[in-house]
Amino acid sequence: MSDQSPPPLRVANLSKSYRLPGGGAFEAVHDVSFEVTAKQCFGLLGPNGAGKSTTIQCICGFYPPTTGNVFISGIDVHTKPKQARQGLGVCNQEDTLDSDFNVTNQLIRHAAYFYIDRHTARDRAQKLLERFGLTDKATQMIESLSGGLRRRLQVARALISEPKVLVLDEPTTGLDPDARRELWEVLTEAREKGTAILLSTHYMDEAERLCDRIAIIYKGRILDIDSPERLIKKHIARDEVEEEVRPGVLWKRKPNLEDVYLKLTGSRLGVEGL
Amino acid sequence: MSDWLWGVSRVWLRYYDVFTKSVVFYVVTTFVQPVLYLLAFGVGVGALVGILNANGTPVTYRSFVFSGVIGQTALFSGFFEGAYGAFVRMYYQRVFQAIAITPITLSEVLWGELLWDATKAAVAAEGVALIGVLTGDFSPWSLLTLVPVCFFGSFLFAGMGLMSAAYARDIDQLSYPQYLLVMPMFLFCGVFYPIEALPQALQVVAWVFPLTAVNSLVRTLTLGLPFQWWAVPILFAWLTLLVVLSRRAMFRRLVK
């Protein structure tokens with residue numbers, strides 16, 4: 001036994017199969033294991049349908065895993081969801097803001113689900129709205145907010161319980177470049193405060209920029225886990241790659257995460273030197 | 001148990017908070033319809049029919065309809081909140097999905113949903129009963145004795161609604177149970193006339209549907225009609241069945 005406290009998030013040999021209509025099963029996630037430590041940003045990088053969202057639904061304790069376990073601060077999220085999820089903040093891929101409440105009450109209501117009293121919740125909500133630049137929207141209804149602001153509010157809501165782990169499923173999909181950058185800043189700030197972050201994305205630049213560690217996930221399996229730099233070094237031996245971007249136009253550039261991803265998944269041709 | 005109660009009450013309170021923002025909307029959408037029925041049938045048709053024989057007991061047609069509208073209100077209010085209300089919360093607002101990844105579980109969310117729908121519909125049914133007390137058709141005591149029937153009846157119809165919401169692929173499909181289940185019950189389960197007026201075979205069919213049992217119990221409590229004991233097991237069998245099946249269907253829909 002070690003006297004170290006358990007990591008904020010540990011996923012151990014997680015597999016998840018869906019029953020198909022008409023019999024049979026589809027394995028969406030196969031034997032996925034990783035850990036996220038405090039102040040770390042961990043990225044699940046993969047294309048649509050790779051199993052990212054299924055993994056996240058299992059981490060939230062919403063889908064039961066077929067085999068394997070998810071531990072939040074050492075507590076199994078499936079056998080003790082109430083205790084485990086006390087330390088979990090989630091920003092779903094879809095907009096799950098409660099449109100029956102205005103911006104502030106949204107946060108206060110959500111805090112109530114975490115045993116947080118109204119007074120503390122009001123305090124925290126105020127601070128979060130300030131931090132997220134939403135103070136002037138405090139009494140507005142959700143419908144009046146832009147997509148970027150809604151997403152920011154959804155992240156703010158996930159932080160109202162001051163979670164040890166913040167989980168975000170494709171947080172910047174559909175946002176314009178400005179809104180993406182604003183959200184990145186907010187995430188970097190949350191992380192500096194000690195929150196462990198797990199985020200799924202199919203944007204290479206986002207993964208490379210935000211994440212200390214990345215799991216490349218494809219067809220439900222993790223192909224490799226490492227820091228972005230080491231992934232590039234490990235899988236692309238060269239300092240330069242060539243790509244024909246238009247007929248007759250060759251680009252030479254430094255290898256990036258996308259090249260690693262393409263090489264590991266073998267899903268695209270045309271880049272020389274992989 | 002206390003954890004469960006805490007979780008369910010948080011969900012219930014969420015609904016209550018939304019509800020208090022729009023009480024006028026609730027009053028209009030809940031009471032206008034029964035009041036119109038009371039006026040059109042109770043007063044209008046009542047003037048033509050006068051006294052009728054219900055289950056062997058003479059009662060005024062007005063009192064008969066007033067008591068029938070209690071069960072009808074529980075049906076409409078419970079079903080519509082459980083069907084359309086829950087569908088919107090589950091499908092468009094994703095309220096279930098947002099709450100069920102906090103320390104509150106999906107099971108608690110669904111109990112909260114059903115209990116809220118039941119509460120809201122039961123209060124509406126009691127509201128109709130109160131009108132009957134004010135017009136002198138029922139004794140004030142009946143408001144108290146009606147509480148369990150109104151609550152469990154509403155609970156049952158909320159379960160019917162939630163089950164419809166769980167199976168509906170889109171919101172339009174909720175019209176199927178509405179027209180195939182709710183409307184026939186409304187017309188054939190003794191809201192507007194004693195089911196004894198129906199042919200024997202149809203009477204048996206009417207007793208299969210739960211509104212008949214609710215109406216029978218309501219009339220025993222408000223008008224003193226003979227107690228039909230089998231109404232109790234019918235009500236609780238439907239209640240158990242619909243609550244269990246609606247929860248299971250919703251779990252199947254949301255949790256993969």
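Sequence lines set the chain letters: A, B, ... in the order given, protein chains first and strands last, and positions in each chain run from 1. The basis for the numbers below is simple: all heavy atoms, side chains too, and nothing from hydrogens, waters or symmetry mates. Being a predicted model, the structure only gives us computed values, none of them experimental.
- For an aromatic pair to be called close, the ring centres must be under 6.0 Å apart, and B/Y176 with B/Y167 fails this.
- Of the residues considered (A/E94, A/R19, A/R157), A/E94 shows the highest number of contacts with chain B, using heavy-atom pairs under 4.5 Å.
- With A/F71 as the aromatic partner, A/K80 does not meet the cation-pi criteria of under 6.0 angstrom to the ring centre and within 45 degrees of the ring axis.
- Counting heavy-atom pairs closer than 4.5 Å to chain A, the top-ranked of the candidates B/V95, B/L254, B/V11 is B/L254.
- Chosen from A/D95, A/V90, A/N92, A/T96, the residue pairing most often with chain B at heavy-atom distances under 4.5 Å is A/T96.
- A donor and an acceptor atom, one from each side chain of A/S200 and A/D169, are located under 3.5 Å apart.
- Aromatic rings of B/F19 and B/Y15 (six-membered ring for Trp) have centroids beyond the 6.0 Å cut-off, not under it.
- At a cut-off of 3.5 Å, with distance as the only test, no side-chain donor of A/D123 or A/T120 sits close to an acceptor on the other residue.
- A 6.0 Å sphere centred on OH of A/Y115 holds more than 12 heavy atoms belonging to other residues, nucleotides or ligands.
- For the residue pair B/R247 / B/S107, a side-chain donor-acceptor distance below 3.5 Å is found, with atom types taken as modelled.
- Ranking B/I99, B/D17, B/I101 against chain A, the residue ahead of the rest is B/I101, based on heavy-atom pairs under 4.5 Å.
- Taking 4.0 Å as the cut-off between side-chain N and carboxylate O, B/E108 and A/K82 count as a salt-bridged pair.
- Only the backbone of A/L97 comes within contact range of chain B, with at least one heavy atom under 4.5 Å from a heavy atom of that chain.
- Of the N and O atoms on the side chains of A/S99 and B/Q93, at least one donor lies less than 3.5 Å from an acceptor on the other residue.
- A/N105 does not touch chain B: none of its heavy atoms, backbone or side chain, sits under 4.5 Å away.
- The parts of A/Y113 that come within reach of chain B are both its backbone and its side chain, each placing non-hydrogen atoms under 4.5 angstrom from that chain.
- When heavy atoms are compared at a cutoff of 4.5 Å, B/V255 approaches chain A by way of both its backbone and its side chain.
- Contacts between residues 38-59 of chain A and chain B, defined by a heavy-atom separation under 4.5 Å, are made by no residue at all.
- No side-chain donor-acceptor contact under 3.5 Å links B/W4 and B/T105.
- Among A/Q86, A/R109, A/K16, the residue making the largest number of heavy-atom pairs under 4.5 Å with chain B is A/R109.
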